[in-house]
Amino acid sequence: MSSNIGQALKVQIFGESHGPMVGVTIDGLPAGIAIDEEWLNAFVQRRAAKGSAIATARRESDIPRIVSGVNPSGKTTGYALTAVFENADTHSSDYGFLPDRPRPGHADYPALMRSHGQDDLRGSGHHSGRLTLPHVLAGGVAMLLLRTIGVSIGAHILQVGSVRDQSIDPVHPDMEALERCHTREVPALDTAAGDAMMQAILAAKADQDSLGGIVEVAATGLPAGLGAPYFDGVEAVLAQQLFSIPAVKGVEFGAGFGCAAMLGSQYNDPYCMVDGKVRTTQNQAGGLLGGITNGMPVIARAAFRPTASIARQQQTVSLSAAAPAELTVHGRHDPCVAIRAVPVVEAAVAIALADLYLQSR
(Lines give C-alpha, C1' and ligand atoms only; values in the text may rest on other atoms or scores of the structure.)
Protein backbone atom coordinates (compact mmCIF):
# COMPACT_ATOMS: atom_id res chain seq x y z
CA MET A 1 0.00 0.00 0.00
CA SER A 2 1.15 3.53 -0.72
CA SER A 3 1.36 4.65 2.92
CA ASN A 4 3.63 1.74 3.94
CA ILE A 5 7.38 1.47 3.43
CA GLY A 6 10.25 -0.72 4.57
CA GLN A 7 11.29 -4.36 4.86
CA ALA A 8 12.89 -5.10 8.23
CA LEU A 9 11.67 -1.76 9.62
CA LYS A 10 8.13 -1.11 8.42
CA VAL A 11 6.60 2.35 8.66
CA GLN A 12 2.96 3.25 8.01
CA ILE A 13 1.63 6.80 8.17
CA PHE A 14 -2.08 7.54 8.44
CA GLY A 15 -4.59 10.39 8.73
CA GLU A 16 -5.60 13.52 6.85
CA SER A 17 -4.59 17.16 7.25
CA HIS A 18 -8.03 18.25 8.54
CA GLY A 19 -9.08 14.95 10.12
CA PRO A 20 -8.96 14.28 13.87
CA MET A 21 -5.31 13.23 13.85
CA VAL A 22 -2.32 12.05 11.89
CA GLY A 23 -0.04 9.27 13.06
CA VAL A 24 2.47 6.53 12.40
CA THR A 25 3.02 2.88 13.22
CA ILE A 26 6.59 1.54 13.24
CA ASP A 27 7.02 -2.23 13.22
CA GLY A 28 10.29 -4.15 13.44
CA LEU A 29 12.04 -2.12 16.12
CA PRO A 30 14.28 -4.21 18.36
CA ALA A 31 13.32 -4.37 22.02
CA GLY A 32 15.28 -2.22 24.44
CA ILE A 33 15.85 0.96 22.41
CA ALA A 34 15.68 3.92 24.81
CA ILE A 35 13.12 6.46 23.59
CA ASP A 36 14.42 9.86 24.66
CA GLU A 37 11.09 11.70 24.54
CA GLU A 38 12.62 15.12 25.25
CA TRP A 39 15.02 14.79 22.32
CA LEU A 40 12.32 13.26 20.11
CA ASN A 41 9.91 16.13 20.83
CA ALA A 42 12.62 18.69 20.06
CA PHE A 43 13.39 16.94 16.76
CA VAL A 44 9.72 16.94 15.79
CA GLN A 45 9.36 20.63 16.75
CA ARG A 46 12.16 21.59 14.34
CA ARG A 47 9.77 20.77 11.50
CA ALA A 48 7.19 23.25 12.83
CA ALA A 49 9.48 26.33 12.76
CA LYS A 50 6.98 28.05 15.03
CA GLY A 51 7.02 31.83 14.97
CA SER A 52 8.94 32.07 11.72
CA ALA A 53 7.84 34.67 9.18
CA ILE A 54 8.45 32.13 6.41
CA ALA A 55 6.45 29.22 7.87
CA THR A 56 2.74 28.49 7.71
CA ALA A 57 0.57 30.33 10.23
CA ARG A 58 -1.16 27.08 11.15
CA ARG A 59 -0.55 26.49 14.84
CA GLU A 60 -0.55 22.96 16.19
CA SER A 61 1.07 21.65 19.37
CA ASP A 62 2.69 18.80 17.39
CA ILE A 63 3.29 16.88 20.62
CA PRO A 64 3.32 13.14 19.86
CA ARG A 65 1.24 10.78 21.96
CA ILE A 66 2.86 7.34 21.94
CA VAL A 67 0.08 4.81 22.42
CA SER A 68 1.94 1.51 22.03
CA GLY A 69 5.35 -0.10 21.74
CA VAL A 70 7.13 1.63 24.64
CA ASN A 71 7.20 0.21 28.16
CA PRO A 72 6.92 2.25 31.41
CA SER A 73 10.73 2.52 31.61
CA GLY A 74 10.79 4.31 28.23
CA LYS A 75 12.24 1.49 26.12
CA THR A 76 10.83 -0.19 23.04
CA THR A 77 9.00 -3.46 23.67
CA GLY A 78 9.86 -5.05 20.32
CA TYR A 79 6.26 -4.71 19.16
CA ALA A 80 4.67 -2.06 16.96
CA LEU A 81 5.20 1.52 18.15
CA THR A 82 2.26 3.79 17.31
CA ALA A 83 2.17 7.55 17.87
CA VAL A 84 -0.53 10.10 17.04
CA PHE A 85 -0.72 13.89 16.71
CA GLU A 86 -4.04 15.64 17.27
CA ASN A 87 -5.20 18.15 14.64
CA ALA A 88 -6.78 21.27 16.12
CA ASP A 89 -6.04 24.43 14.08
CA THR A 90 -7.87 23.53 10.87
CA HIS A 91 -9.55 26.10 8.61
CA SER A 92 -11.48 23.83 6.26
CA SER A 93 -13.50 26.77 4.89
CA ASP A 94 -10.35 27.90 3.06
CA TYR A 95 -10.88 24.90 0.76
CA GLY A 96 -14.52 25.50 -0.21
CA PHE A 97 -13.60 25.60 -3.91
CA LEU A 98 -12.73 21.89 -3.80
CA PRO A 99 -13.35 19.50 -5.42
CA ASP A 100 -14.83 21.59 -8.24
CA ARG A 101 -11.76 23.71 -9.02
CA PRO A 102 -8.53 21.71 -8.58
CA ARG A 103 -5.45 23.70 -7.62
CA PRO A 104 -2.62 23.95 -10.17
CA GLY A 105 0.45 22.12 -8.92
CA HIS A 106 -1.47 20.08 -6.32
CA ALA A 107 -2.61 16.46 -6.30
CA ASP A 108 -6.31 17.49 -6.27
CA TYR A 109 -7.28 16.38 -9.77
CA PRO A 110 -5.33 13.10 -10.01
CA ALA A 111 -6.38 12.24 -6.44
CA LEU A 112 -10.03 12.68 -7.37
CA MET A 113 -9.55 10.44 -10.39
CA ARG A 114 -7.79 7.78 -8.29
CA SER A 115 -10.46 7.79 -5.56
CA HIS A 116 -13.45 8.17 -7.92
CA GLY A 117 -14.27 11.48 -6.21
CA GLN A 118 -14.04 10.21 -2.62
CA ASP A 119 -10.71 11.75 -1.50
CA ASP A 120 -10.77 14.20 1.45
CA LEU A 121 -8.94 17.20 -0.01
CA ARG A 122 -9.38 19.65 2.88
CA GLY A 123 -5.91 21.00 3.53
CA SER A 124 -4.76 18.48 0.88
CA GLY A 125 -5.93 15.58 3.03
CA HIS A 126 -3.59 12.57 2.98
CA HIS A 127 -1.48 14.33 0.35
CA SER A 128 -0.64 17.20 2.71
CA GLY A 129 2.76 18.10 4.07
CA ARG A 130 1.05 17.60 7.44
CA LEU A 131 1.77 13.88 6.97
CA THR A 132 5.50 14.64 7.16
CA LEU A 133 4.93 15.13 10.90
CA PRO A 134 4.50 11.40 11.70
CA HIS A 135 7.18 10.70 9.08
CA VAL A 136 9.59 12.86 11.11
CA LEU A 137 8.67 11.08 14.34
CA ALA A 138 9.43 7.72 12.72
CA GLY A 139 12.76 9.12 11.54
CA GLY A 140 13.54 10.36 15.03
CA VAL A 141 12.95 6.89 16.45
CA ALA A 142 15.17 5.46 13.68
CA MET A 143 17.89 7.94 14.67
CA LEU A 144 17.75 6.74 18.27
CA LEU A 145 18.30 3.21 16.95
CA LEU A 146 21.18 4.30 14.69
CA ARG A 147 22.86 6.15 17.57
CA THR A 148 23.45 2.78 19.22
CA ILE A 149 25.82 1.84 16.37
CA GLY A 150 27.50 5.27 16.13
CA VAL A 151 25.65 6.68 13.11
CA SER A 152 24.98 10.45 12.93
CA ILE A 153 22.75 12.25 10.41
CA GLY A 154 22.60 15.99 9.72
CA ALA A 155 21.25 18.24 6.98
CA HIS A 156 21.10 21.89 5.97
CA ILE A 157 19.43 24.05 3.35
CA LEU A 158 21.91 24.13 0.46
CA GLN A 159 19.98 26.38 -1.91
CA VAL A 160 16.88 28.57 -2.09
CA GLY A 161 16.07 30.00 -5.48
CA SER A 162 19.44 31.20 -6.81
CA VAL A 163 21.02 31.69 -3.36
CA ARG A 164 23.42 28.90 -2.37
CA ASP A 165 24.99 27.88 0.95
CA GLN A 166 28.42 26.27 1.28
CA SER A 167 28.35 22.51 0.69
CA ILE A 168 29.04 19.80 3.25
CA ASP A 169 32.63 18.51 3.17
CA PRO A 170 32.00 15.05 1.64
CA VAL A 171 35.10 13.47 3.24
CA HIS A 172 34.96 15.10 6.68
CA PRO A 173 31.43 16.44 7.30
CA ASP A 174 31.26 18.88 10.20
CA MET A 175 28.33 17.31 12.04
CA GLU A 176 28.59 19.81 14.88
CA ALA A 177 28.20 22.70 12.42
CA LEU A 178 25.13 21.01 10.98
CA GLU A 179 23.71 20.67 14.48
CA ARG A 180 24.36 24.36 15.21
CA CYS A 181 22.67 25.57 12.03
CA HIS A 182 19.41 23.92 13.11
CA THR A 183 18.90 26.69 15.68
CA ARG A 184 18.69 29.32 12.93
CA GLU A 185 15.49 30.44 11.22
CA VAL A 186 17.08 29.43 7.92
CA PRO A 187 19.28 26.38 8.67
CA ALA A 188 22.24 27.26 6.45
CA LEU A 189 25.89 26.67 7.37
CA ASP A 190 26.88 30.17 6.20
CA THR A 191 24.84 32.76 8.12
CA ALA A 192 25.23 35.33 5.33
CA ALA A 193 23.79 32.84 2.84
CA GLY A 194 20.96 32.12 5.28
CA ASP A 195 20.17 35.84 5.55
CA ALA A 196 20.11 36.15 1.75
CA MET A 197 17.80 33.15 1.51
CA MET A 198 15.46 34.73 4.04
CA GLN A 199 15.28 37.94 2.01
CA ALA A 200 14.61 35.98 -1.20
CA ILE A 201 11.77 34.04 0.45
CA LEU A 202 10.23 37.19 1.94
CA ALA A 203 10.41 38.89 -1.48
CA ALA A 204 8.63 35.97 -3.13
CA LYS A 205 6.02 35.98 -0.38
CA ALA A 206 5.41 39.71 -0.83
CA ASP A 207 4.99 39.05 -4.55
CA GLN A 208 2.36 36.39 -3.75
CA ASP A 209 4.69 33.71 -5.05
CA SER A 210 6.95 30.92 -3.75
CA LEU A 211 10.44 29.45 -4.12
CA GLY A 212 11.99 25.99 -4.31
CA GLY A 213 15.18 24.77 -2.71
CA ILE A 214 17.69 21.98 -2.14
CA VAL A 215 18.37 20.15 1.13
CA GLU A 216 21.77 18.45 1.53
CA VAL A 217 22.27 15.65 4.06
CA ALA A 218 25.20 13.64 5.42
CA ALA A 219 25.28 10.37 7.34
CA THR A 220 28.49 9.36 9.11
CA GLY A 221 29.59 6.29 11.07
CA LEU A 222 28.13 3.72 8.70
CA PRO A 223 30.07 0.49 8.32
CA ALA A 224 31.11 -0.73 4.89
CA GLY A 225 28.94 -3.47 3.44
CA LEU A 226 25.35 -2.31 4.06
CA GLY A 227 23.02 -2.67 1.10
CA ALA A 228 22.90 -4.89 -1.98
CA PRO A 229 23.15 -4.64 -5.77
CA TYR A 230 20.33 -3.48 -8.00
CA PHE A 231 16.85 -3.23 -6.48
CA ASP A 232 17.89 -3.30 -2.82
CA GLY A 233 20.81 -0.89 -3.27
CA VAL A 234 21.30 1.88 -0.72
CA GLU A 235 20.61 4.51 -3.38
CA ALA A 236 17.35 2.76 -4.30
CA VAL A 237 16.19 2.51 -0.68
CA LEU A 238 17.20 6.10 0.14
CA ALA A 239 15.67 7.47 -3.06
CA GLN A 240 12.33 5.81 -2.32
CA GLN A 241 12.28 7.43 1.10
CA LEU A 242 13.34 10.85 -0.21
CA PHE A 243 10.95 10.84 -3.16
CA SER A 244 8.15 9.97 -0.71
CA ILE A 245 8.46 13.47 0.76
CA PRO A 246 5.85 15.75 -0.82
CA ALA A 247 7.39 18.32 -3.22
CA VAL A 248 10.67 16.43 -3.80
CA LYS A 249 11.32 16.33 -7.54
CA GLY A 250 15.00 15.36 -7.69
CA VAL A 251 17.48 13.26 -5.69
CA GLU A 252 21.24 12.83 -6.16
CA PHE A 253 24.13 11.16 -4.33
CA GLY A 254 27.75 12.32 -4.11
CA ALA A 255 28.69 14.24 -7.24
CA GLY A 256 25.19 13.47 -8.54
CA PHE A 257 24.31 14.88 -11.93
CA GLY A 258 27.65 16.67 -11.95
CA CYS A 259 29.42 13.35 -12.61
CA ALA A 260 28.06 13.38 -16.15
CA ALA A 261 30.57 16.13 -17.00
CA MET A 262 33.54 14.38 -15.34
CA LEU A 263 36.27 12.07 -16.60
CA GLY A 264 36.64 8.70 -14.93
CA SER A 265 39.99 9.82 -13.56
CA GLN A 266 38.23 12.71 -11.84
CA TYR A 267 35.24 10.76 -10.55
CA ASN A 268 36.89 7.59 -9.23
CA ASP A 269 37.67 7.87 -5.50
CA PRO A 270 41.23 6.65 -4.79
CA TYR A 271 41.57 4.27 -1.83
CA CYS A 272 43.86 4.95 1.12
CA MET A 273 44.43 3.70 4.67
CA VAL A 274 43.47 5.90 7.64
CA ASP A 275 44.10 4.56 11.15
CA GLY A 276 44.16 1.04 9.80
CA LYS A 277 40.83 1.43 7.97
CA VAL A 278 40.14 1.55 4.22
CA ARG A 279 39.00 5.02 3.20
CA THR A 280 38.99 7.19 0.05
CA THR A 281 40.80 10.47 -0.52
CA GLN A 282 37.69 12.08 -2.03
CA ASN A 283 34.02 11.13 -2.06
CA GLN A 284 32.46 11.68 -5.46
CA ALA A 285 30.47 8.45 -4.99
CA GLY A 286 28.79 9.79 -1.87
CA GLY A 287 29.84 6.79 0.19
CA LEU A 288 28.04 4.31 -2.06
CA LEU A 289 29.42 1.84 -4.63
CA GLY A 290 27.34 -0.84 -6.32
CA GLY A 291 24.43 -0.05 -4.01
CA ILE A 292 26.59 -0.81 -0.95
CA THR A 293 28.15 1.49 1.67
CA ASN A 294 31.94 1.78 1.44
CA GLY A 295 32.55 3.25 4.91
CA MET A 296 32.72 6.88 3.76
CA PRO A 297 30.03 9.45 4.66
CA VAL A 298 26.82 9.08 2.70
CA ILE A 299 26.04 12.39 0.97
CA ALA A 300 22.68 13.08 -0.69
CA ARG A 301 20.62 16.03 -1.90
CA ALA A 302 16.88 16.47 -2.45
CA ALA A 303 15.43 19.19 -4.67
CA PHE A 304 12.08 20.69 -3.62
CA ARG A 305 9.71 22.37 -6.02
CA PRO A 306 8.24 25.80 -5.19
CA THR A 307 5.19 25.67 -2.92
CA ALA A 308 2.13 25.00 -5.07
CA SER A 309 -0.32 27.12 -3.03
CA ILE A 310 0.32 30.76 -3.91
CA ALA A 311 -1.90 33.81 -3.49
CA ARG A 312 -1.72 34.84 -7.14
CA GLN A 313 -4.70 34.23 -9.39
CA GLN A 314 -4.14 31.07 -11.42
CA GLN A 315 -5.92 29.32 -14.24
CA THR A 316 -7.79 26.09 -13.55
CA VAL A 317 -11.05 24.48 -14.66
CA SER A 318 -14.49 24.00 -13.15
CA LEU A 319 -15.13 20.26 -13.21
CA SER A 320 -18.89 20.75 -12.80
CA ALA A 321 -19.09 23.21 -15.68
CA ALA A 322 -16.36 21.55 -17.77
CA ALA A 323 -15.05 25.05 -18.50
CA PRO A 324 -12.03 27.25 -17.75
CA ALA A 325 -12.04 29.00 -14.37
CA GLU A 326 -9.85 31.26 -12.25
CA LEU A 327 -8.65 30.43 -8.77
CA THR A 328 -7.00 32.37 -5.97
CA VAL A 329 -5.80 30.12 -3.15
CA HIS A 330 -6.26 31.56 0.32
CA GLY A 331 -5.20 29.93 3.57
CA ARG A 332 -1.88 29.42 5.32
CA HIS A 333 1.06 28.13 3.34
CA ASP A 334 4.88 28.18 3.43
CA PRO A 335 6.47 30.39 0.75
CA CYS A 336 9.34 27.83 0.62
CA VAL A 337 8.66 24.31 1.88
CA ALA A 338 12.36 23.35 1.64
CA ILE A 339 13.17 25.27 4.84
CA ARG A 340 10.98 23.16 7.10
CA ALA A 341 11.88 20.04 5.14
CA VAL A 342 15.42 19.83 6.58
CA PRO A 343 14.41 17.53 9.48
CA VAL A 344 12.08 15.63 7.13
CA VAL A 345 15.06 14.76 4.91
CA GLU A 346 17.06 13.70 7.96
CA ALA A 347 14.14 11.51 9.04
CA ALA A 348 13.76 9.88 5.64
CA VAL A 349 17.48 9.04 5.52
CA ALA A 350 17.36 7.66 9.07
CA ILE A 351 14.44 5.34 8.31
CA ALA A 352 16.14 4.01 5.18
CA LEU A 353 19.48 3.41 6.91
CA ALA A 354 17.85 1.83 9.97
CA ASP A 355 15.93 -0.52 7.70
CA LEU A 356 19.13 -1.50 5.87
CA TYR A 357 20.97 -2.01 9.16
CA LEU A 358 18.24 -4.27 10.54
CA GLN A 359 18.20 -6.23 7.27
CA SER A 360 21.96 -6.81 7.63
CA ARG A 361 21.41 -8.30 11.09
Side-chain angles (χ1 to χ4, degrees), residues 6-9 11 26 28-40 42-44 46 70 74-76 78 81 136-156 168-182 189 215-228 232-235 237-238 241-242 253-254 269 271-283 285-300 342-361:
Q7 294 187 38
L9 185 69
V11 174
I26 312 164
L29 286 168
I33 302 298
I35 300 300
D36 183 340
E37 290 199 31
E38 183 178 353
W39 179 87
L40 193 59
F43 180 61
V44 167
R46 277 179 50 207
V70 178
K75 293 186 177 181
T76 55
L81 186 157
V136 166
L137 182 131
V141 172
M143 283 189 187
L144 293 175
L145 167 60
L146 291 170
R147 280 183 181 180
T148 66
I149 60 168
V151 174
S152 297
I153 298 171
H156 71 122
I168 295 172
D169 183 332
V171 178
H172 302 291
D174 189 339
M175 304 307 286
E176 292 183 0
L178 288 171
E179 184 70 24
R180 288 194 300 271
C181 85
H182 297 158
L189 293 170
V215 176
E216 184 179 45
V217 61
T220 62
L222 288 161
L226 287 185
D232 289 328
V234 180
E235 293 99 322
V237 176
L238 281 169
Q241 273 286 345
L242 291 168
F253 301 95
D269 298 328
Y271 284 111
C272 62
M273 298 299 298
V274 178
D275 297 328
K277 297 180 180 179
V278 176
R279 293 290 184 262
T280 60
T281 60
Q282 58 181 28
N283 193 13
L288 304 169
L289 293 170
I292 305 170
T293 58
N294 65 2
M296 294 296 289
V298 171
I299 306 294
V342 171
V344 186
V345 168
E346 293 173 349
V349 169
I351 295 168
L353 294 179
D355 189 16
L356 288 164
Y357 165 65
L358 292 176
Q359 289 179 48
S360 75
R361 294 178 57 186

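Along the sequence shown, residues carry numbers from 1. Bear in mind that the values here come from a model prediction, so they are computed numbers and not experimental data.
- For the side-chain hydrogen bond (donor to acceptor under 3.5 Å, both in side chains) test, residues two or more places apart in sequence or in another chain that qualify with Q241 are H135.
- Summarising the geometry of P173 relative to I299, their closest heavy-atom pair is CG-CD1, 4.5 Å, with the distance given to 0.1 Å.
- Here the straight-line distance linking atom CG of L238 with atom CZ of F253 works out to 5.0 Å at 0.5 Å rounding.
- A donor-acceptor contact shorter than 3.5 Å is absent between the side chain of D355 and the backbone of G6.
- Under the side-chain hydrogen bond (donor to acceptor under 3.5 Å, both in side chains) criterion, E235 pairs with no residue, sequence neighbours left out.
- Summarising the geometry of L226 relative to L356, their closest heavy-atom pair is CD2-O, 4.1 Å, with the distance given to 0.1 Å.
- Contact annotation: the side chain of M273 approaches that of V278 to within less than 4.5 Å [non-hydrogen atoms, C-beta and beyond].
- Side-chain contact check for L144 versus W39: some heavy-atom pair is nearer than 4.5 Å.
- In this structure the side chain of V349 never reaches within 4.5 angstrom of the side chain of V298, judged on heavy atoms.
- In this structure, the separation between CG on D174 and CD1 on I168 is 9.5 Å, given to the nearest 0.5 Å.
- The two residues P30 and L358 come nearest to each other via the heavy atoms CG-CD2, 3.8 Å.
- Atoms OG1 and CE, from T148 and M143 in turn, are 13.5 Å apart once rounded to the nearest 0.5 Å.
- Of all the heavy atoms in A155 and E346, the pair that sits closest is N-OE2, 2.8 Å.
- The two residues G28 and L9 make their nearest non-hydrogen contact at C-CD1, 4.1 Å.
- Residues L40 and D36 fail the side-chain proximity criterion, which asks for heavy atoms closer than 4.5 Å.
- Annotation for H156 and C181: closest pair CB-SG, 3.9 Å, computed over non-hydrogen atoms.
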Task: Check against side-chain contact (heavy atoms from CB on, under 4.5 Å), L222 and V234 - done: CA-CA 12 Å; L222 288 161; V234 180; over 6 Å; no
- [ ] Please step through side-chain hydrogen bond (donor to acceptor under 3.5 Å, both in side chains) for the pair Q359 and D232, ending with a clear verdict.
- [x] CA-CA 11 Å; Q359 289 179 48; D232 289 328; over 6 Å; no
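- In this structure the side chain of L288 reaches within 4.5 angstrom of the side chain of T293, judged on heavy atoms.
- Distance check: M296 CE to T220 OG1 gives 11.0 Å after rounding to the nearest 0.5 Å.
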